[in-house]
Enquirer: 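The structure's right below; bear with me while I get my questions together.
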2 protein chains.
Amino acid sequence: MQLSRAGEYAIRAMLHLAATSDEGISQIATISKTWAIPESFLRKILQSLTKAGLVASSRGMGGGLTLARPADQITLLDVIEAIEGKIFLNVCLTGPGNCESSTWCPVHCVWHEAQRSFTDILKSKSLKDLVINSDFKEHFQIT
Amino acid sequence: MQLSRAGEYAIRAMLHLAATSDEGISQIATISKTWAIPESFLRKILQSLTKAGLVASSRGMGGGLTLARPADQITLLDVIEAIEGKIFLNVCLTGPGNCESSTWCPVHCVWHEAQRSFTDILKSKSLKDLVINSDFKEHFQIT
DNA sequence: TGTAACAGGACAAAAAAGGTCACATTTGAC
DNA sequence: GTCAAATGTGACCTTTTTTGTCCTGTTACA
């Protein structure tokens, strides 16, 4: 019931890309050093984000990473689900897998409601919102 | 980012106790069979619930388990936190552990808000509510 | 005293998380 | 064309967590 470290790393990296988007492309090595994320591991995480269509990558000299979409069109939920998969699936009492029979499964709808309000908030804020409304950018410039 | 199986088992067991509270005491073996939960594992889970003060146990012949409080005074959140600990703690971006400096950590408050709305819903419904507003009781009588 | 119940600790197997490495591939610059 | 800079990919390893099992108490009642 906690965000994985991979998920946390992914958010850091995405915020980094959002904050530096006007300076062009970023390299994995840079992000790794700035945020103290093991480089090999970060590479894996960014691969997932690329496959999910959130990050655009280019290889070769001068290559690197950028956001695949404008920062105001990527939400926290996008990032988390790209790494962890759909949130909260399959939590029900009927047994393994199928809980369509919500008539007698009393927890079904409560869980659904809780999940919904949770994800609604995570998708209400874009990366752009997050970077703008804080000292994030200044702070990590210094570091 | 999912409820553990132990948490799911715990909810089943607590609903069972809530639904049978008027018939008196229940045994672990019965709950285990009714809900297809491995008995040894269930014993461990119920120990946690007992320690958390949600379940009252008595040993010896004629012993067994009951809810420690009326079913309308136990919430889903109570049950889940008894098994999994406080939800979502320590998930933040500042680094390992301490995120008091929410001035520059842009995700802090979003996360906090999401966590709050999630837990609010989980504690808005008691076991009694859940058992009454469904065919739960009938269904598991038959099984 | 025997039996039916829970309590608790040690331990084991399996799965997931976190991380590393070697090598492949692409790209641009010389 | 070759070299170096960058990501892509798969195999692998280690540690931690989850999911149990088992054995030995302990309590209580008949």
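Naming convention: chains lettered A, B, ... in sequence-line order (proteins, then strands); numbering from 1 in each chain. Just the heavy atoms: all of them, side chains too, but no hydrogens, waters or symmetry mates, feed the values below. A quick note: this is a predicted structure, and the numbers were derived from the prediction, not measured.
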Enquirer: With a 4.5 Å cut-off on side-chain heavy atoms, are B:I25 and B:L65 touching?
Expert: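 In short, these two side chains do not touch, never coming nearer than 4.5 Å.
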
Enquirer: Tell me, please, the opening and closing nucleotides of DNA chain C, 5' to 3', among those with an atom under 4.0 angstrom from a non-hydrogen atom of chain B.
Expert: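 Listing 5' to 3', DNA chain C meets chain B from C:dA4 to C:dA10.
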
Enquirer: Measure the distance from CD1 on B:I37 to C1' on D:dG20 and round it to the nearest whole Å.
Expert: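 So the two atoms are 13 Å apart, to the nearest Å.
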
Enquirer: Starting at CG of A:L65 and ending at C1' of D:dA5, how long is that distance when rounded to a whole Å?
Expert: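 After rounding, the reported distance stands at 13 Å.
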
Enquirer: Between A:Q27 (CD) and D:dA5 (P), how many Å, whole number?
Expert: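 After rounding, the gap between these two atoms is 12 Å.
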
Enquirer: When you check the phosphate oxygens OP1 and OP2 of D:dA6, does a side-chain N or O of A:S57 lie under 4.0 Å from one of them?
Expert: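 A:S57 to D:dA6 OP1/OP2: no side-chain N or O under 4.0 Å.
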
Enquirer: Phosphate oxygens OP1/OP2 of D:dT19: is one of them under 4.0 Å from a side-chain N or O of B:Y9?
Expert: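 The answer is no; no side-chain N or O of B:Y9 sits under 4.0 Å from OP1 or OP2.
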
Enquirer: Quick one: does B:T20's side chain have a donor or acceptor within less than 3.5 Å of a partner on B:H16's backbone?
Expert: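 Yes: the side chain of B:T20 pairs with the backbone of B:H16.
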
Enquirer: Is there a donor-acceptor contact under 3.5 Å linking the side chains of B:Q73 and B:S126?
Expert: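 No, no side-chain donor-acceptor pair sits under 3.5 Å.
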
Enquirer: Closer than 3.5 angstrom, by distance alone: can the side chain of B:E84 be matched with the main-chain N or O of B:L3 as a donor-acceptor pair?
Expert: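 Such a contact is absent between B:E84 side chain and B:L3 backbone.
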
Enquirer: For B:D78, is there an ion pair with B:R69 - N to carboxylate O distance below 4.0 angstrom?
Expert: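 Here B:R69 pairs with B:D78 in a salt bridge, since their nearest N and O are under 4.0 Å apart.
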
Enquirer: Nearest nucleotide by nearest heavy atom, which residue falls closer to the 5' end of DNA chain D, A:G60 or A:T50?
Expert: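 It is A:G60 whose nearest nucleotide is closer to the 5' end.
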
Enquirer: Without decimals, in angstroms, what is the distance between B:Q47 CD and D:dT19 C1'?
Expert: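 Whole-Å distance recorded here is 15 Å.
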
Enquirer: Which protein N or O atoms sit under 3.5 Å from an N or O of nucleotides 11-18 of chain D?
Expert:
{"residue": "D:dA11", "atom": "N6", "partner": "A:K44", "partner atom": "NZ", "Å": "3.0"}

Enquirer: In the structure I gave you, are the side-chain heavy atoms of A:V110 and B:L76 within less than 4.5 Å of one another anywhere?
Expert: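 SC-SC contact between A:V110 and B:L76 confirmed.
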
Enquirer: Does the side chain of B:V131 reach to within under 4.5 Å of the side chain of B:K128, using non-hydrogen atoms?
Expert: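 No. Closest side-chain heavy atoms not under 4.5 Å.
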
Enquirer: Is any side-chain heavy atom of A:Q27 closer than 4.5 Å to a side-chain heavy atom of A:T30?
Expert: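 The answer is yes; the side chains approach within 4.5 Å.
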
Enquirer: Indicate the atoms forming the closest heavy-atom contact of A:A71 with A:A18, along with that distance.
Expert: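 So the minimum-distance heavy-atom pair works out to CB-CB, 4.1 Å.
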
Enquirer: Just how far, in rounded Å, is C1' of D:dT19 from CD1 of B:I83?
Expert: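 B:I83 atom CD1 is separated from D:dT19 atom C1' by 13 Å.
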
Enquirer: Pick the closest DNA chain C nucleotide for A:S40 and for A:R59 by heavy atoms, then say which residue is nearer the 5' end.
Expert: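 Going by which nucleotide is closer to the 5' end, it is A:S40.
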
Enquirer: Figure out the CD1/P separation between B:I28 and D:dT27, and round it to whole Å.
Expert: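 Taking CD1 of B:I28 and P of D:dT27, I get 17 Å after rounding.
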
